[in-house]
Structure formats: C-alpha cells, structure tokens
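Notes for the one structure printed next.
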Amino acid sequence: MIIVDVLWKLFPLYSFGSERDSLSESILQIIPETMASSTTKILCDAGESDLCRDDSAAFLLKFVAIASILLAGAAGVAIPLIGRNRRFLQTEGNLFVAAKAFAAGVILATGFVHMLAGGTEALSNPCLPDYPWSKFPFPGFFAMVAALVTLLVDFMGTQYYERKQERNQAASEAAVVEPGREETAVVPVVGERVNDNKVFGEEDGGGIHIVGIRAHAAHHRHSHSNSHGTCDGHAHGHSHGHVHGNSDVENGARHVVVSQILELGIVSHSIIIGLSLGVSQSPCTIRPLIAALSFHQFFEGFALGGCISQAQFRNKSATIMACFFALTTPIGIGIGTAVASSFNSHSPGALVTEGILDSLSAGILVYMALVDLIAADFLSKRMSCNVRLQVVSYIMLFLGAGLMSALAIWA
C-alpha cells in the first residue's frame, strides 16, 4: 500500500519530464512523508501498541490496581473524618494544616502537570483532523472556562447556603423565646473596628472578596478558640461580638460549597484515569500507574476529607461523599476493562472526550487548589502569626507539588 502511494505521487513528476536530480530529490522527500502518514494511520486504526501487550497479565494487574486505589482513596478520605474526634488529627490542629498543605500541592500539580498536559496531548494528537483542533489552543481555553464557571458556582453556592443557614438560625432563635415572656431586645454595641485585626481581602466597609472569605474564616476560627485576635495576644475590640454569628454562617457555607465543588473536580478526572487504566492491555503501562494513582488518590482523598469534616456534614452525608470518591476510580477501571476489547483509545471520539474532560478537570482543580485550599490557609492571620507553621506548611506545599509532578515521569 505504501509503494502504491509513492508511485501515485511520483507519476505527475515523471509524466511532465522533470530532470533527474529534481526527480531524485522528490523521491527522497515523498517516501518519508508517505511512510509517516501511513504509520500514523495504522496507529490510529490499531489503537494501543502491541510491544508489551499481555491480556492475562494486564487483567490480573487491574484487580491489584482496583484494590490498591480503593484502599488508598478510602484511607485518605477517612483519616480527617475519623480524626475530627481525635485530638491530634483535629482539623484545627497544626498537623492537619501541614498535611492539608501537602495535599493542596498534590492537587495543584495534578491540575497543571497531569490533567492539563494530558488534555493538550489528546487534543493535539495526529489522529484528530487538523480543523479545528490544530487551529486553536482548546486545552487552555477549556481550563479557563472551567475555572471561571467554578468561580461563579463557588460564589452563588456560598450566597445560597449563607441565606439558608441565616433563615435556619433565625427560626431556631425565635423558637427559643418562651411564649408569654417578654423578649428583651439586645442592641449590639458597634465600636470602631481595629485596623490591625483585618485579614487579607477584608475591605473598609466590611466586605470580603472570594479569597478573603476563606482567609477570614480560618482566622476567625483560630482567634475565637484562643480568645485573642492579634499575634501579641491583645483583645479583639468590640466588633467581634456582633459579627460572630454572621462569621459562623459564612464559614459553614463556604466549607459546604468547597467540599462539593472539590469532589466534582476530583470525580470528573478520576473517571478518566480509571478508564485509561482499564482499557490498557499493557503491563508496562499499568504497573507504574498503580503506584502513581494510589499516591494521588490518598492525598486527594485527604484534602477532600478535610473539607467534608470542616463542613460538618451529618455522618450519613459525609459517608456518602467519601464512598462516592473512593469508588469512582475503581468503577472507571472496571468499565474500561469491560470495553477494552472493542475500545480504540486513538479514535477521534475517544481523544476529544478525554482531552475536553482533562482540560475541564484541570481548570477546576487549579482553581480549588489556589483559592479554596492554599489561599484560605496561607493568607490567614493564623499562618502569619506562627512562623514555624509557615515554614512547615510551605515546605509541605512545595514537597507535595514536587512529588506529584515527578510522578509524571512514569504516569
């Protein structure tokens, strides 16, 4: 077939009487191009390379992968949920903050190094038609759209849950008042706000932008539990009393929204990586993926479990969210194994689906890591007042991002 293509392309040159030198140059140019295009077409039609293909060994390794990833994900998400009742693993402790910084680094590297790179590779694959996929940088565009939509959902979800919790709080306070008893109105004394007590993102009028909300919430929890609002232990001032209720509502609403959006971002790419492992029939591909994905699932689960724990869901809701996360990748592996015989990972439909979902997941994970995990803790008053916690948290952040990035060498 390759010889026929070469002869067909050389026929016009021979017919119109080209010189011998130019004919020789044309032959040397046409043959490699024809062989390359034919090789690409064979690869796109055949799918995975047969160099390391072993169906029986791959099938056994997939069972190992399901067990390993399931245990790693379940352990990661369970530690913060169980630890909220244990002193050394409470979500307000320094140990949890440092571990959460490591997990945030893992999620950030997952978005940038693994998901965005995977989406770029899929949407620039030579098996796709040149138009429109080679005419526009779709991976970055999809990631940007996902980040902006996540911002919108984050804002609207926070507003919704704040109003809902305020209504519930007002109803519970009204129910406390005994019938026939005169209610005494308590007018809060609003003093002058202390400028030194502001955190990053807090404006003069009391408004806080999206990053400042998280930083303010983290600062409020720490300062209230220790009964002082500045690093040197001075008192809060008069403003703390009347904002305490609103801050608690704001804090709870933020954690509810963050945990749900983070789970959405994690689950969307967990399906993809599960399918990718499941359709593979190459033990050379599956072996490194088992270790990489187990590491990845454990620390993603830890970050998600911490957010669920801070949101203070009921035990039933927290268990459902934890199980949904832990089971997603194993289910993806199972689906991929079932369709492996008829699935072509190099088909245009598979490549476009994988590229778009990877890019969207990258945008969600990068936003969540930077805004709701890193900025929330690193811009808080608690972090700025504790130099040792700063140093440890930054080391853990860079260590998590570095180790997860290094895993891209093998997976």
Margin query: Within this structure, what is the CD-CD1 distance for the pair Glu263 and Ile364, rounded to the nearest 0.5 Å?
Written below: 12.5 Å
Check: So how far is it from Thr353 OG1 to Leu123 CG, rounded to the nearest 0.5 Å?
Finding: 10.0 Å
Would you mind writing out the side-chain donor-acceptor pairs for residues 297-308 within the sub-3.5 Å range, not counting sequence neighbours?
| unit_1 | atom_1 | unit_2 | atom_2 | d |
| --- | --- | --- | --- | --- |
| Gln297 | NE2 | Thr329 | OG1 | 3.3 |
| Glu300 | OE1 | His269 | NE2 | 3.4 |
| Glu300 | OE1 | His296 | NE2 | 3.4 |
| Glu300 | OE2 | His269 | NE2 | 3.3 |
| Glu300 | OE2 | His296 | NE2 | 2.9 |

Check: To the nearest 0.5 Å, what is the distance between CG (Leu262) and CG (Leu373)?
Finding: 6.0 Å
Check: Do any N or O atoms from the side chain of Ser280 and from the backbone of Leu277 form a donor-acceptor pair under 3.5 angstrom?
Finding: no
Checklist line | From OG (Ser361) to CD1 (Ile356), nearest 0.5 Å | finding: 11.5 Å
Item checked: Note, Gln281 side chain near Lys62 side chain (heavy atom, < 4.5 Å) -> yes
Note to self: Just to verify, what does Cys323 make a disulfide bond (SG atoms under 2.5 Å apart) with, not counting sequence neighbours?
What the structure shows: none
Notebook entry, point to check: Is there side-chain contact between Met321 and Leu81, with at least one heavy-atom pair below 4.5 Å?
Noted result: no
Item checked: Side-chain donor or acceptor of Ser68 paired with backbone N/O of Ala65 under 3.5 Å -> no
Margin query: If the condition is side chain to side chain contact (heavy atoms under 4.5 Å, CB included), which residues does Gln159 pass it with, not counting sequence neighbours?
Written below: Phe155, Glu162, Arg163
Checklist line | Any residue meeting side chain to side chain contact (heavy atoms under 4.5 Å, CB included) with Ala74, in chain and number order, not counting sequence neighbours | finding: Ala326
Check: Shortest non-hydrogen contact from Gly73 to Phe325?
Finding: O-CE2, 3.6 Å
Checklist line | Residues that Leu370 engages under side chain to side chain contact (heavy atoms under 4.5 Å, CB included), provided they are two or more places apart | finding: Leu108, Val366, Ile374
Check: Considering only heavy atoms from C-beta outward, does the side chain of Met156 approach that of Tyr160 to under 4.5 Å?
Finding: no
Notebook entry, point to check: Of all heavy-atom pairs between Pro80 and Ser309, which one has the smallest distance, and what is that distance?
Noted result: O-OG, 3.7 Å
Next item on the list: Using distance alone, with no hydrogens and no angle criterion, decide if Asp372 and Tyr367 have a side-chain donor and acceptor under 3.5 Å apart.
Entry: no
Checklist line | Spatial distance of atom CD1 (Ile333) from atom CG (Leu275) [nearest 0.5 Å] | finding: 9.5 Å
Next item on the list: Mind running side-chain contact (heavy atoms from CB on, under 4.5 Å) on Met368 and Ile107 for me, showing each step along the way?
Entry: CA-CA 9 Å; Met368 296 303 295; Ile107 292 177; 5.6 Å; no
Next item on the list: Could you tell me whether Phe324 atom CZ has more than 12 heavy atoms of other residues or ligands within 6.0 Å of it?
Entry: no
Next item on the list: Indicate the atoms forming the closest heavy-atom contact of Leu289 with Thr285, along with that distance.
Entry: CG-O, 3.4 Å
With a 3.5 Å cut-off and sequence neighbours excluded, list the donor-acceptor pairs that the side chains of residues 391-408 form with protein atoms.
| unit_1 | atom_1 | unit_2 | atom_2 | d |
| --- | --- | --- | --- | --- |
| Ser393 | OG | Leu389 | O | 2.8 |
| Ser405 | OG | Ala401 | O | 2.7 |

Notebook entry, point to check: What are the two closest heavy atoms between Thr158 and Val257, and how far apart are they?
Noted result: N-CG2, 3.5 Å
Item checked: side chain to side chain contact (heavy atoms under 4.5 Å, CB included) partners for Leu61, two or more places apart -> Pro283, Ile286, Arg287, Ile290
Margin query: Can you tell me how far apart CD (Gln260) and CG (Asp154) are? Round to the nearest 0.5 Å.
Written below: 11.0 Å
Could you go through residues 128-152 and list every donor-acceptor pair under 3.5 Å that involves a side-chain atom there, pairing it with any protein atom two or more places apart or in another chain?
| unit_1 | atom_1 | unit_2 | atom_2 | d |
| --- | --- | --- | --- | --- |
| Ser134 | OG | Asp130 | O | 2.5 |
| Thr150 | OG1 | Ala146 | O | 2.6 |

Note to self: Please give me the minimum heavy-atom distance between Thr328 and Ser270, naming the atom from each residue.
What the structure shows: CG2-CB, 3.8 Å
Margin query: Taking the side chain as everything from C-beta on, heavy atoms only, tell me whether Gln310 gets closer than 4.5 Å to Phe96.
Written below: yes
Notebook entry, point to check: Is the backbone N or O of Ser384 less than 3.5 Å from a side-chain atom of Gln390, with the two atoms forming a donor-acceptor pair by type?
Noted result: yes
Item checked: By salt bridge (Lys or Arg N to Asp or Glu O under 4.0 Å) - contacts of Asp54 (at least two apart) -> none
Check: Are the side chains of Ser268 and Leu357 in touch, meaning some heavy atoms are under 4.5 Å apart?
Finding: no
Next item on the list: Search all heavy atoms of Ser347 against all heavy atoms of Asn344 and return the closest pair with its distance.
Entry: OG-O, 3.0 Å
Next item on the list: Under the side chain to side chain donor-acceptor pair (under 3.5 Å) rule, collect the residues that match up with Ser276, sequence neighbours excluded.
Entry: none
Margin query: Does anything in residues 260-303 form a disulfide (SG to SG under 2.5 Å)? List the pairs, not counting sequence neighbours.
Written below: Cys52-Cys284
Item checked: Residue pairs, two or more places apart or on separate chains, that pass salt bridge (Lys or Arg N to Asp or Glu O under 4.0 Å) and touch residues 268-286 -> none
Margin query: Would Arg382 and Asn94 count as a side-chain contact (heavy atoms from CB on, under 4.5 Å) here? Give the steps.
Written below: CA-CA 10 Å; Arg382 173 184 187 176; Asn94 290 342; 3.0 Å; yes
